[in-house]
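Lettering follows sequence order; numbering is per chain, from 1. As a basis for the values below, the full set of heavy atoms in this structure was taken, side chains included, without hydrogen atoms, waters or symmetry mates.
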There are 2 protein chains.
Amino acid sequence: MGSAAVRDRMLAAGQRITRQRDEVVDALERARRPLAAREICDAVAESNPDVGRATVFRTLHALAAAGIVQRVTLAGGRPGYLLCEAEGHHHHLVCTSCGRTIDLPESAVTPFLTGVEEAHGFTVDHSSFDVHGRCASCR
Amino acid sequence: MGSAAVRDRMLAAGQRITRQRDEVVDALERARRPLAAREICDAVAESNPDVGRATVFRTLHALAAAGIVQRVTLAGGRPGYLLCEAEGHHHHLVCTSCGRTIDLPESAVTPFLTGVEEAHGFTVDHSSFDVHGRCASCR
DNA sequence: TGTATAGTGATACACTGTCTCAGTTTCGGG
DNA sequence: CCCGAAACTGAGACAGTGTATCACTATACA
């Protein structure tokens, strides 16, 4: 079952708690790393084979809208989904060795983006960074 | 036919010039904006219906390896391919209004990445930024 | 011009993601 | 506690992305 914290965030976002959504959150909580859509479907099917693929994708969309999950780009360009502890918009460093992620708060990025906006007369609506490398413990 | 500059860059990368590759480059040069794989297939098929889908993907891969094309993320998370004037590793600002892109040289990004590395004990192997917003002339 | 080798087309396969529609479940108010 | 509006679900069809194989072909270079 998904943690109480996640539940509260979903309710706060006006979304309902369902068995199916619980199982998606569960799979992500157990993994502690970004999962491909396929991996999530498989993990969910293990505890409940009757959950449809469409529901998994809808759930991921809903969780992303609530800021609970973030879609990231894995090494190789494949998309993955990551459960975020941090609330609000933020970015991630993805370790190519152990697969774990490090949160990068928006505040660490804002000065850089502001500089870019000023240099090019560009207004940033949305940004996402894919930074792959090795974390401190994998070097 | 792809420009001579692109031809030289492909030869320099040890790749052969073929009719099919020329047509992929052509499609991207005409568009002057990132294209979805499907759009490239359609554009190529218009001038030569016998070019296989697999060849288009292989060509995009080869062009990306030579730094001639970059895979970017379009609004909505869909992948797109962009012909790059600039050589070497760099990033792009994508205008959500007119679809055009602005090159962001690696040198504009390095100080930011260095700061991130120092703050988190992380070694960056590869980074790609998706920055969406409005360019100066679309505001 | 000849030839080693890179490139090609067809086809099959796997994954990602969206849509529709009838039926079900949840949440909040009474 | 029960009810109903509205959100959610499952099945299945569909479309795009991307990779692999294998026999065949075209290119670059000596």
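Listed by chain and number, the residues in a side-chain contact (heavy atoms from CB on, under 4.5 Å) with B:Ala45 amount to none (sequence neighbours excluded). For the side-chain contact (heavy atoms from CB on, under 4.5 Å) test, residues two or more places apart in sequence or in another chain that qualify with A:Ser97 are A:Cys95, A:Arg134, A:Cys138. Residues that satisfy the side-chain contact (heavy atoms from CB on, under 4.5 Å) test with B:Val94, not counting sequence neighbours, are B:Thr101, B:His132. Every residue meeting the side-chain contact (heavy atoms from CB on, under 4.5 Å) condition with B:Arg19, not counting sequence neighbours, appears here in chain and number order: B:Glu23, B:Asn48.
Between A:Arg21 and B:Phe57, the one whose closest nucleotide on DNA chain D sits nearer the 5' end is A:Arg21.
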Counting primed atoms plus P, OP1 and OP2 as sugar-phosphate and everything else as base, spell out the protein contacts along nucleotides 19-30 of chain C at 4.0 Å heavy-atom distance: B, S or - for each nucleotide, 5' to 3'. BB----BBS---

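Within the nucleic acid shown, B:Ala36 comes within 4.0 Å of sugar-phosphate atoms alone, with no base atom in reach, counting heavy atoms only.
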Below 3.5 Å, can you tabulate the donor-acceptor pairs from side chains in residues 59-85 of chain B to any protein atom, sequence neighbours excluded?
unit_1	atom_1	unit_2	atom_2	d
B:Thr59	OG1	B:Thr55	O	2.8
B:Gln70	NE2	B:His90	O	3.2
B:Thr73	OG1	B:Asp130	OD2	3.1

Show every donor-acceptor pair shorter than 3.5 Å between a side-chain atom in residues 111-118 of chain A and any protein atom, with sequence neighbours excluded, or say none if there are none.
unit_1	atom_1	unit_2	atom_2	d
A:Thr114	OG1	A:Thr110	O	2.9
A:Glu117	OE2	A:Val124	N	2.7

Strictly under 3.5 Å: I want the nitrogen or oxygen pairs between protein and nucleotides 12-14 of chain C, one per line.
none

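Heavy-atom distances under 4.0 Å link DNA chain C to no residue of residues 42-52 of chain A.
Here the C1' atom of nucleotide C:dA6 and the NE2 atom of B:His61 are 16 Å apart, to the nearest Å.
Screening residues 41-69 of chain B for salt bridge (charged side-chain N to carboxylate O under 4.0 Å, His left out), with sequence neighbours left out, gives B:Arg38-B:Asp42.
Heavy-atom contacts of chain B under 4.0 Å fall on DNA chain D between two terminal nucleotides, which in 5' to 3' order are D:dG16 to D:dA28.
Remark on the helix from C:dT1-D:dA30 to C:dG30-D:dC1: inter-end axis angle 40°, axes from five-pair C1' superpositions, rounded to 10°.
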